[in-house]
Peer 1: 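Supplied in structure tokens, the structure appears directly below.
Since the structure is predicted, the reported quantities are computational estimates derived from the model, not experimental observations.
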Amino acid sequence: MRNLFIFVFMLFFGLLQGKNKPVDFSHGNLKVSDNKRFLQHANGTPFFYLGDTAWELFHRLDRQEADFYLKNRSEKGFTVIQAVALAEFGGLDKPNAYGHLPLNNFNPEQPAVKDGVDNDYWDHVDYIVNKANESGMYIGFLPTWGCNWHDNNKPLFTPENAYKYGYFLGKRYKNSQIIWILGGDRNIENDRHREIIRSMAHGLKDGDGDTHLITFHPSGGRGSAEWFHNDAWLDFNMRQNGHNAEYTNNYSKTLEDYNRKPEKPVIDGEPVYEDHPLSFRANVLGHSISADVRRTFYWDTFNGAFGHTYGHHSVWQMFEPGKFHPVNNPLMSWKLAIDQPGAMQMVYGKLLLESRPFLTRIPDPSIIVASDVQTAVPGEGRYRYVATRDEEGSFAMIYVPAGRAFEVRTEVIKGKKIVAWWFNPRNGTSIRIETFYNHKAVRMFVPPDKGESTDWVLVLDDASRKYPAPGKPFFPR
């Protein structure tokens, strides 16, 4: 009977895949999966966190603009929108689109709340949160940017008022679809910082009745696990692997956090943005392109991340020429940037991972056979190969950023026959290569495009499972 239930449930879950369906909140609140590696709904439905960084959303956009942005992200298939209540650029003293400030007297214990609706800063935040939820997306809600608890000799927050502010937010958004994200691009440097964050976390949990998950967003190259891994309030680890395009010492750290004990889910909450000055050195390295953000998706998820966050350099700041001061030379208006190719390519990756068993996927770099010149395979810099597989051996995937031959340990697949596919991460299509007997321990593959300007994902399936083409709805037998 139990197996029948699992089959029916997974069949229903499969019907939701492949068509960018919005999140169905009727599945219940989010929680950490039993194996401590993923997020799922209360009824067991897997949840793929595909985030977009819209840090200035609450502060800079009016309702018509917010509707336009949220509609775009929902239709593409994003599931989480990351936005900040007390924003970085004038978030305390520059009014929002309707002339409202968030606090009275710059005091976190005095949110500027007025009677009635649609007449204060928090009413506008309410509108955007509700609109995102109606569109089938969570808000990854940052109570404040890190400058307000970290910077200067007299920061805005203390452990005492951080709790009260957290309680206010928790109570106000108790019934909304929220994921709390503390921090805000700052690291913990002393005990006071640690206590401020802990107090705010406890305030949130007391205010919302421990309804929502909580994490911490650090600055570039760091992760929440460094300071809070053993804290009970930290439900999952978040990294910021940063605005560079190289694997080692950056995106490789996702696997390091995955391997920490005790186990906690991990995600990259801020990888390199599309059209961002690479490593903040545009005069030397230029601006990132969609290929750069694609690589980080597969580096992170194949190294164990339960989801991924996309960002565009114009979108996070909601840059509009002539309206807002540009930060680090954005290349276009946010209204154009939301349709840059990298955004949809993140969705293709989401659909790929959802087209195979989800909660049993593990990282396994040993699948890839290192060549004599290991900087070629598994590679380094922008050309690092990474691999993931089902722990039961029903499938494996290898991300191939360079068009050179490589070898795979096919013995990780348990079936007698293997179906091999190429999945195109640039357009979400797939090519069936062949079906072969699984009698060799190692097999060579050559990507469809030679050279180093195009990337592919090799997908190997146990033929007896009869999985669909990669990226298509998953119908388990």
Peer 1: Which heavy atom in Gln345 sits nearest to a heavy atom in Ser290, and how many Å separate them?
Peer 2: OE1-CB, 3.4 Å
Peer 1: Between Asp461 and Lys466, does any side-chain N to carboxylate O distance fall below 4.0 Å?
Peer 2: no
Peer 1: Taking NZ, NE, NH1 and NH2 as the nitrogens, is one of them in Asp52 or Arg73 under 4.0 Å from a carboxylate oxygen of the other?
Peer 2: yes
Peer 1: His27 and Asn43: side chain to side chain donor-acceptor pair (under 3.5 Å), yes or no, with the steps?
Peer 2: CA-CA 6 Å; His27 292 309; Asn43 71 354; 2.9 Å; yes
Peer 1: If you look at every heavy atom in Ser224 and Phe236, which pair is closest and at what distance?
Peer 2: OG-O, 4.3 Å
Peer 1: Does the pair Glu88 and Trp55 meet the rule for a side chain to side chain contact (heavy atoms under 4.5 Å, CB included), with working shown?
Peer 2: CA-CA 8 Å; Glu88 179 179 14; Trp55 303 132; over 6 Å; no
Peer 1: Please determine whether a side-chain nitrogen of the Lys or Arg among Arg295 and Asp455 lies less than 4.0 Å from a carboxylate oxygen of the Asp or Glu.
Peer 2: no
Peer 1: Taking the side chain as every heavy atom from C-beta outward, state whether Tyr467 and Val419 have any atom pair closer than 4.5 Å.
Peer 2: no
Peer 1: Backbone N or O of Gly28 within a donor-acceptor pair of the His41 side chain at under 3.5 Å?
Peer 2: yes
Peer 1: Once you round to the nearest 0.5 Å, how far does CG of Asp257 lie from CZ of Arg222?
Peer 2: 11.5 Å
Peer 1: Tyr247 and ring pair (Phe, Tyr, Trp, His ring centres under 6.0 Å): which single residue from Phe302, Tyr399, Trp299 fits?
Peer 2: Trp299
Peer 1: Given Phe358, which partner from the list Phe47, Phe306, Phe395, Phe38 fulfils the ring pair (Phe, Tyr, Trp, His ring centres under 6.0 Å) test?
Peer 2: Phe38
Peer 1: Ring centroid separation for His276 and His287, is it under 6.0 angstrom?
Peer 2: no
Peer 1: Which side-chain N or O atoms in residues 409-417 pair as donor and acceptor under 3.5 Å with protein atoms at least two apart or in another chain?
Peer 2:
unit_1, atom_1, unit_2, atom_2, d
Arg409, NE, Ser366, O, 2.9
Thr410, OG1, Lys440, O, 2.8

Peer 1: Please report the interatomic distance CD1(Ile214) to CZ(Phe141), rounded to the nearest 0.5 Å.
Peer 2: 12.5 Å
Peer 1: Given side chain to side chain contact (heavy atoms under 4.5 Å, CB included), test Arg239 with Ile267 step by step and report yes or no.
Peer 2: CA-CA 6 Å; Arg239 298 197 53 78; Ile267 192 170; over 6 Å; no
Peer 1: Before giving the answer on side chain to side chain contact (heavy atoms under 4.5 Å, CB included), spell out for Ile418 and Thr435 the whole-Å C-alpha distance, their side-chain angles and the decisive distance to 0.1 Å.
Peer 2: CA-CA 6 Å; Ile418 293 175; Thr435 299; over 6 Å; no
Peer 1: Name all pairs fulfilling the salt bridge (charged side-chain N to carboxylate O under 4.0 Å, His left out) condition that reach into residues 372-382, sequence neighbours left out, sorted by first residue then second.
Peer 2: Glu246-Arg382, Asp292-Arg382, Glu380-Arg384
Peer 1: List the residues meeting ring-ring contact (aromatic ring centres under 6.0 Å, His included) with Tyr385, not counting sequence neighbours, and say none if there are none.
Peer 2: Phe406
Peer 1: Is there a side-chain contact between Gln240 and Asp185 in this structure, where contact means two heavy atoms from C-beta onward sitting under 4.5 Å apart?
Peer 2: yes
Peer 1: Tyr258 and Asn303: which non-hydrogen atoms are nearest, and at how many Å?
Peer 2: CB-O, 3.9 Å
Peer 1: What pairs of residues pass the salt bridge (charged side-chain N to carboxylate O under 4.0 Å, His left out) test when at least one of them lies in residues 388-399, not counting sequence neighbours?
Peer 2: Asp364-Arg389
Peer 1: What's the shortest heavy-atom distance between Val377 and Ala405, and which atoms?
Peer 2: CG2-O, 4.0 Å
Peer 1: In terms of heavy-atom contacts, does CZ of Arg260 have more than 12 from other residues, nucleotides or ligands at under 6.0 Å?
Peer 2: yes
Peer 1: What's the shortest heavy-atom distance between Leu255 and Pro365, and which atoms?
Peer 2: CD2-CG, 4.5 Å
Peer 1: Can you list the steps and then say if Asn250 with Asn244 is a side chain to side chain donor-acceptor pair (under 3.5 Å)?
Peer 2: CA-CA 8 Å; Asn250 298 294; Asn244 58 79; 3.2 Å; yes
Peer 1: Do you know which two heavy atoms are closest between Asp24 and Ser26, and how far apart they sit?
Peer 2: OD1-OG, 2.6 Å
Peer 1: Under a 4.0 Å N-O cut-off, is there an ion pair linking Asp208 with Lys171?
Peer 2: no
Peer 1: By ring-ring contact (aromatic ring centres under 6.0 Å, His included), which residues pair with Trp227, not counting sequence neighbours?
Peer 2: Phe216
Peer 1: May I have the step-by-step check of side chain to side chain contact (heavy atoms under 4.5 Å, CB included) for Glu354 and Phe48, ending in yes or no?
Peer 2: CA-CA 8 Å; Glu354 288 179 332; Phe48 193 101; 3.6 Å; yes
Peer 1: Could you check if a side-chain atom of Asp275 sits within less than 4.5 angstrom of a side-chain atom of His312, using non-hydrogen atoms only?
Peer 2: yes
Peer 1: Between Lys264 and Asp235, does any NZ, NE, NH1 or NH2 come within less than 4.0 Å of an OD or OE carboxylate oxygen?
Peer 2: no
Peer 1: For Phe423, what residues pass the ring-ring contact (aromatic ring centres under 6.0 Å, His included) criterion, not counting sequence neighbours?
Peer 2: none
Peer 1: First locate atom CG of Leu213, then atom CD1 of Ile181, and finally report the distance between them rounded to the nearest 0.5 Å.
Peer 2: 10.5 Å
